[in-house]
Amino acid sequence: GKALSELQGLVSAGGPRQGGLSQVERALTTPMFLIVGAEVWDPDSNYIDDARKVAGSFQQTMQELGTSLQTKKDAVAADKLYRRSLTELNKFFQICNVAGGA
């Protein structure tokens with residue numbers, strides 16, 4: 001119902017004023033790629049490539065979630081994709097912490 005509609009609003013593309021980006025893309029995905037693109041980590045390590053892959057996986061999961069909510073508001077499918085996105089976010093920030101020496 002309402003929660004799935006609100007979630008769809010977060011992952012659906014925005015209008016021209018938002019550059020066509022969803023709220024999730026503006027708040028999470030874009031900054032994730034900016035962090036990776038800053039190349040402040042050891043270039044001889046795998047941190048940049050690993051973080052970029054995880055950020056891409058997260059972006060893809062969010063797109064899948066948006067598509068699935070447009071075609072059918074299935075709470076079980078949305079939950080599965082949402083949980084996968086949390087795992088991806090956690091992995092991304094774990095890489096950031098290790099790469100940054102935390």
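In this chain, numbering begins with 1 at the start of the sequence shown. Side chains are part of it too, since the values below use all heavy atoms of this structure and drop only hydrogens, waters and symmetry mates.
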Correct closest heavy-atom pair for Asp42 and Ser45 would be O-OG, 2.7 Å
Connected via hydrophobic side-chain network under 4.5 Å: Met62 and Phe93: yes
Among the clusters formed by ILVMFWY side chains lying less than 4.5 Å apart, do Leu86 and Ile95 turn up in the same one? no
Pairwise side-chain contact, Leu65 with Ser85, heavy-atom cut-off 4.5 Å (strictly under): no
If you round to the nearest 0.5 Å, how far is OG1 of Thr29 from CD of Gln60? 12.0 Å
CZ-CG distance between Phe92 and Asn97, expressed to the nearest 0.5 angstrom: 10.0 Å
Do Phe33 and Ile35 belong to the same hydrophobic cluster, where Ile, Leu, Val, Met, Phe, Trp and Tyr are linked whenever their side-chain heavy atoms lie under 4.5 Å apart, directly or via other members? no
I need the full list of salt bridge (charged side-chain N to carboxylate O under 4.0 Å, His left out) pairs touching residues 55-74, with sequence neighbours left out, sorted by first then second residue. Glu64-Arg84
Tell me, please, which residues at least two apart from Asp79 pass salt bridge (Lys or Arg N to Asp or Glu O under 4.0 Å). Arg83
Set of residues satisfying salt bridge (Lys or Arg N to Asp or Glu O under 4.0 Å) with respect to Asp49, sequence neighbours excluded: Arg52
Value rounded to 0.5 Å, distance of CG in Asp50 from CD in Gln94: 12.0 Å
Where do Glu88 and Val54 come nearest, in terms of heavy atoms and distance? O-CG1, 3.1 Å
Output for pair (Tyr82 OH, Thr87 OG1), nearest 0.5 Å, gives 11.0 Å
Are any non-hydrogen side-chain atoms of Tyr47 and Val36 less than 4.5 angstrom apart? no
Run Met32 and Leu89 through side chain to side chain contact (heavy atoms under 4.5 Å, CB included) and show every step you take. CA-CA 9 Å; Met32 289 167 74; Leu89 277 176; 3.9 Å; yes
Beyond-backbone contact of Val98 with Trp41, side-chain heavy atoms, under 4.5 angstrom: no
